[in-house]
Every structure is written in C-alpha cells, then in structure tokens.
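Notes follow once the structure below has been shown.
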Number of protein chains: 2
Amino acid sequence: MTPEDQTSSLSDGKGEVFRRRSLHEELTEAIRELIVVGDLLPGTRVPEKELCALYSVSRTPLREALKVLAIDGLVNLEPNRGAWVSKITKEDIDDVFPVMGALEALSGELACKHISDAEIGNVRRLHREMLKYFEQRDLEGYFAVNQQIHEAILSAARNKTLTAQYNSLAARVRRARYVANMTMDRWTQATEEHEQIMTFLERRDGARLSAILKKHLENKLETVRQWLDDNEEADGAKAR
Amino acid sequence: MTPEDQTSSLSDGKGEVFRRRSLHEELTEAIRELIVVGDLLPGTRVPEKELCALYSVSRTPLREALKVLAIDGLVNLEPNRGAWVSKITKEDIDDVFPVMGALEALSGELACKHISDAEIGNVRRLHREMLKYFEQRDLEGYFAVNQQIHEAILSAARNKTLTAQYNSLAARVRRARYVANMTMDRWTQATEEHEQIMTFLERRDGARLSAILKKHLENKLETVRQWLDDNEEADGAKAR
DNA sequence: CCGACTCAAAATGCATTCATTATTCAAACA
DNA sequence: TGTTTGAATAATGAATGCATTTTGAGTCGG
C-alpha cells in the first residue's frame, strides 16, 4: 500500500462522511440530537432497524451508541426488550437539575480562578449578542447564544472531567428546556440573572457567580416543572 | 416455555428489580474492577483478545463494555488503535476530585432532607464498625466500610441521577485511593472528619455536612497528590 | 551504520450471521 | 364472551467473518 493513499477514505462509494471520528461516535451524537430535539418521542421505542437504514450502518455501531446514550439517561436499555427513549417526568427533572446546578456552580467557581481577560471579553460579547436576541424576542437565537455563554464559562473552568459530566447532563436539560417554553416574565428574569452572571464573572467573584448560576438553574427548573404540571397528558406509556 | 411465567406484573414497578444482567453489563463491572484494583496497569493497552479468552466471550460485548468504561474515564479509546488503561496523572485527579467534591456536597445536602431515622441508625452502625477497623489498623476493612457509609448517604439523597454521576466518578477516585496509601496522620484526620460527618448527619445539618464532606475529599486529594509527587517514575508509557 | 521503504502479520471497526428471547395473534377452553 | 394457551413471527444479544488500518520486521539504498 502506498503511503499517500492514507487520506483516500473520505469519499467512499457510499457517500458516507469521513471516518475521522469513528462511526459509533457520530451515531451517538446524531441520535442524541434526534432525542433532544424531539424527533424521537419520549416513552417510545428506539427504532433500531429504521435508524440502521437511515444512517446506512449495521446494528453493531448503533448498539454501541445506544449504550452511551443510556449512560446519559436519554434512553433506557431493557435486556432482551430493546432501547426506549426515556420520558421527561417530574421525578426525572427534579433529579437532574440539582446535579446540574452543582456542576454549574463548580464551573463558575473554577472559571473565576482561571479565566483570562480575553475570555471574559468573549463572554461579554456573547452576552451583548444575547441581549439583542432578547430585545428582538428571538427565542431560538437567545437559546443558542445562551448555551454558548455557559459553555464558555465551562471551558474557562479548565476541567475536563467537569466538562464531560456537564455535557452528559446537558442533553437532558436541553431536552427539557426544548419542550417547555418560557413565559415572558421568566425570560425577563433569566436575562436579569445573566446580567448578574456577567457582573460576577468580570469581578472574578467565584462565590457569588457560583450562587447565581445555581439559582439561575433552579429558576429554569421551575419553568420546566410548571410546564409538566400543565401537560400531564404526555404521560401514558410505560416508563420503564 | 413455562406458562406460569407470563404473570410478569411482579416486576412492573419502577423500583430496581433484578433485571437480568446482560453480558456487557457484567463485563463492564468485571473490567472496571480489574482496572480499579490495578490488575490492568495504567498506561497499558487493554488486552482485548486475552479478556475475551478470560471471560469466554466474543469481542462484541467486550467492546460495548469498553465504550462504557471510556465514559467513566477508566480507559481511552483511540480510533483504530484500541483501548488503553488511562493513567493516573496529577492533572487527572486534580480534575476528578473537585467534581466528586461537588457531588458529595450535594449528596450530603439532599441526604439531610430525606434521610430516615432508621437510615441514620444504619450509618451510625457502619460508623462504629469503621472505628473498630481504624483501631485495629485494618486499612482494607476500613476502606470497605468507609465506602458503604458514603454510599448510604448517597442513597439517602434519593437522587438517581446523582447516584449515577457519583458512581461514574467513584471508580477513578477509588483507583487513586487504592494506589496511594495514607499516612497515619491522614488516617487519623480522616477518621476525625468522619466523626463530624456523623454528627452533622444526625443533626440533619445539610450545610455543614455538605461542607465537611467536601473538605474530607479535598484532604483525600492531598493524600493522592502527595503520593504522585513521590512516585513520578510511574509515568513512562503513552498517556493517550 | 543508519534511515526509509516494503511487505507481512496482527489488530481494529464494522457487517453479517446465528441462537435465544420476546411479542403477536389465532385457536381452545371455561 | 373473555381469558388463556401455544405456535409463528419479529427482535434482541452475542459470535463470527471480512475489509481496512496499524504495527513491526526485514531489506534496500545512501
């Protein structure tokens, strides 16, 4: 085999994406997104066969991906019965949000220790951008930038383990937030909280940033919980 | 087929019934233990073939298990190059312990809210048992009961997500603690801290319990870090 | 003598196949 | 008529097989 041929696998006969990241990794991400966005409905079965056909892969890498998603809590694996998209129950989010809160708090604390001026500038820029979306009442744009802000803080914490654990939970939180729309009041409140987040981050006040991040998430929890109160009809199938 | 087995309603609830353990689950646990205990050395390759022979399984379930362990951070998967036992580096434990601390703190906080008198009694019993091991200088026994105490508190927190995240990290912490022996001073200190843990738990003082648990772990971190300082020659193989 | 190249052997990622288990649905029974 | 039985069907879990990549030894050339 000639050494130059090493980069030849990018355009296979199947037209698949380049194999830089292994197949099961790509699958994990793709299916995670399907679940978060709601294309795969909570409480339903994960259609193994269809997904195999959709992505033109065999069951082996797909099942590997499902194992990973099971750890993230997005699917439940039942021996000999297959994989089910986990439901968004009140118990579930009451479990997830406090843990996420603890991680966010730690994230803020560590970020204040390590963040550079340039990074703060970047967050400030994102913050301004988010305010614009708020003023324009563009919820999609708001969410997108919002997420970037939290990720920027997380990245400034300089802790890979924290990042991994955070991202593992983030999918479930995002999914919950995706279904539960904010009221205008909550939105205003959330934006005000972000104002404080920005302030404490610039002061590198770890304790206060930590506290406000935790509270910020608690308020988000309240939003989602309220939505669940209003939409109990979504429950019906077996949970597990 | 046995006709009587159709009345499956006994395992219908959401409680943790004995779900049949599939092969990859067993494997995950077995290999995790191999790594934690040190039978598989940090920095070395995971001998896929040998493990298949050892457990008399094919590569498929083994590889599924490795995916799970990779998330726990016990192994690193390198595309087309296989799985490697992750090393215990200073950066690694400096990452893991703070996150673990945050989770333990939350665990204590929630436990104080939900723990029953009977459960407190059980922890008290474990605590006494641990003190006996301390007096007998039985480190193995001490560690075993120690772990049970932390697990009892965790269980009292009534949070499945927290439990999952905690256990995911616990393996790495256990592994670190396994290699790094405590000095007598540290051991005494740890025992004293456990005395306080017991006190605050019985008072159901969440804030203080949370704080002491976090500090307890910080001290453990110091022990491990010191050990790493003294044993830098352990590094040599490839990190990732 | 040392480095680069070639080629073979081993290992990996994924697909396919096989055995076991669950599910379905029609027939038998009370 | 409603419930239960049991065989056909479908799906899952795991083993095997195949193509690609990596690794390493041996050879050639400088």
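Throughout, protein chains are lettered first and strands after them, A, B, ... in sequence-line order, and every chain is numbered starting at 1.
In this structure, the CZ atom of R63(B) is 7 Å from the P atom of dC14(C), given to the nearest Å. In this entry the distance linking CG of N80(A) with P of dA14(D) reads 8 Å, nearest Å. To the nearest angstrom, P of dT12(D) lies 10 Å from CG of L66(A). Between the CD atom of E26(B) and the P atom of dA14(D) there is a distance of 10 Å, given to the nearest Å. Atom pair E64(B):CD and dA14(D):P shows a separation of 7 Å (rounding to whole Å applied). Distance, E48(B) CD to dG13(C) P: 7 Å, rounded to whole Å. In this structure, the OH atom of Y55(A) is 14 Å from the P atom of dA15(C), given to the nearest Å. Across the protein-nucleic acid pair, L77(B) atom CG and dG13(C) atom P stand 8 Å apart, rounded to whole Å.
Classification of R158(B) and E119(B) as a salt-bridged pair holds, one side-chain N sitting under 4.0 Å from a carboxylate O. Salt bridge absent: E104(B) and K214(B) never bring a charged side-chain N and a carboxylate O closer than 4.0 Å.
Comparing dT12(D), dA14(D), dC14(C) against the side chain of P61(B) picks out dA14(D) as the nearest. For K49(A), counting side-chain heavy atoms from C-beta on, the closest listed nucleotide (dA15(C), dA14(D), dA11(D)) is dA11(D).
The OG atom of S168(B) sits 10.0 Å away from atom CG of L69(B), with the distance rounded to the nearest 0.5 Å.
The side-chain hydrogen bond (donor to acceptor under 3.5 Å, both in side chains) test with R172(B) is passed by exactly one of D92(B), D95(B), D72(B): D92(B).
In the interface, the side chain of R81(A) is not paired with the base of dG13(D) through any donor and acceptor atom under 3.5 Å apart. In the interface, the side chain of S58(B) is not paired with the base of dA14(D) through any donor and acceptor atom under 3.5 Å apart.
The 5' end of DNA chain D is approached more closely, in terms of each residue's nearest nucleotide, by G82(A) than by the other of T60(B) and G82(A).
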